[in-house]
Novice: 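The following block contains the structure, expressed as structure tokens.
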Amino acid sequence: MNLGSLLEKIKPFQPAMLEVLEQLVNHESPSTDKAALDGYAQMIAARFEDLGAETRLYPRPENGAQLKLSFRQNGVAAGKPLLLLCHYDTVWPIGTIDKQPFRIEGDKALGPGIYDMKASHVMAEFALRGIIDIGAQLPRPVDVLFTSDEEIGSPTSRELIEEQARESEYVLVLEPPTAEGALKTARKGVGGYRLQVEGRAAHAGSQPELGVSAINELAHQIIYLQSLADPEQGTTINVGVVQGGTRSNVIAANAEAEIDLRVWTPQEAERIDSALRGLQPVAPGVKLSIRGGINRPPMVRTEAINNLFRKVQQMGEGLGLKLQEGSTGGGSDGNFTAAIGVPTLDGLGAMGDGGHAVHEHILISHLSARTALLAAILLDP
Ligand SMILES: [Zn+2]
């Protein structure tokens, strides 16, 4: 397959891609709005059915449906499919579009969720459209999962993602690349915990000796938590939320903290997790309880992931792309698939910047080449 001619086929799609992208951005899809999410999933299902995909919706009682699309072209060699992962929820509440409408400014297309990751949905569709248009044959089955809850930790999609990944040759995650355009071959693991401290209330003036301050205890625990971090290994612990107490003249009976953990290795995940579970009170009479755990295991750059990256990097050269590899402290659904041993390459979405921020945008001039790259991977024997 001549990659140059694939790119020439996809370039003229650009106006149509932007048109579809505008529709997708205008259909807002925050992680917590079931009706909006279900509507979005149906819209995507219809678009891909049009391309000949078999679609299957997995409804969720309180969340948006998960959607699986399968391409089994006539005559396609049987074998393990290639799995594409897209999430279709965003961090933006309904109504954001009124303040930050879809718009084009120079080379930028802006709008809520455009970069993370609605542009990726358009790329997946038009990569397949390009393949069909040139009459090429997919060398292996292709499955695409559109999931509804990545931005809230994938509680109702994780099982399906892992189940599909286990049956697949490898996994491509259509999260955006780094701001410099690098693909992602490693991601930190992510943990989330809530530490609750129970002390004993008392009058701060007349009977302070009868009280045990949950706030003082929490302060000690927070200092201890900081000592567990290991910046050299990339292990970070952030106490991002604390609350407790009722009034300044009452010794606080309760306090709690929300903790974010990031680690590069399963060993570090285990070290911190067991330390958190083994926390001991400093003050007598205090009760500590910890909830939560490792939500996304680290995506470790294995030999298989490295090989996959090298292969894709070479394809990039055929398209005039100099692809670098990068890593990030942020998790994605690729963490799940990599952790169960399925080679996973992440960051195959659109070039741009500002995910989860008001300046969220993609770069239009890179859209064709990145879409052609995706098509090239799908066509690679
Ligand atoms: Zn994302």
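Everything numeric here is computed off the predicted structure, so don't read it as measured data. Each ligand, and each atom within it, is numbered from 1 in the order the structure gives.
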Novice: Taking the six-membered ring for Trp and the single ring otherwise, decide whether the centroids of H121 and Y40 are under 6.0 Å apart.
Specialist: yes

Novice: Measure the acute angle between the ring planes of Y88 and F146, then classify it against the limits of 30° and 60° as parallel, tilted or perpendicular.
Specialist: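 Rings of Y88 and F146: tilted, 30 to 60°.
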
Novice: Could you walk me through whether E162 and T337 pass the side-chain hydrogen bond (donor to acceptor under 3.5 Å, both in side chains) check?
Specialist: CA-CA 6 Å; E162 291 179 341; T337 59; over 6 Å; no

Novice: Apply side-chain contact (heavy atoms from CB on, under 4.5 Å) to the pair V282 and Q221, showing each step before the final yes or no.
Specialist: CA-CA 8 Å; V282 174; Q221 295 297 336; 4.0 Å; yes

Novice: Keeping the roles fixed (side chain from R262, backbone from G234), state whether a donor-acceptor pair exists under 3.5 Å.
Specialist: no

Novice: By residue and atom, what protein N/O/S atoms are less than 2.8 Å from the Zn ion (ligand 1)?
Specialist: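 For the Zn ion (ligand 1), the protein N, O and S atoms that sit under 2.8 Å away are H87 NE2, D116 OD1, E175 OE1, E175 OE2.
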
Novice: Let me know which of Q14, H366, M123 forms a side-chain contact (heavy atoms from CB on, under 4.5 Å) with T371.
Specialist: M123

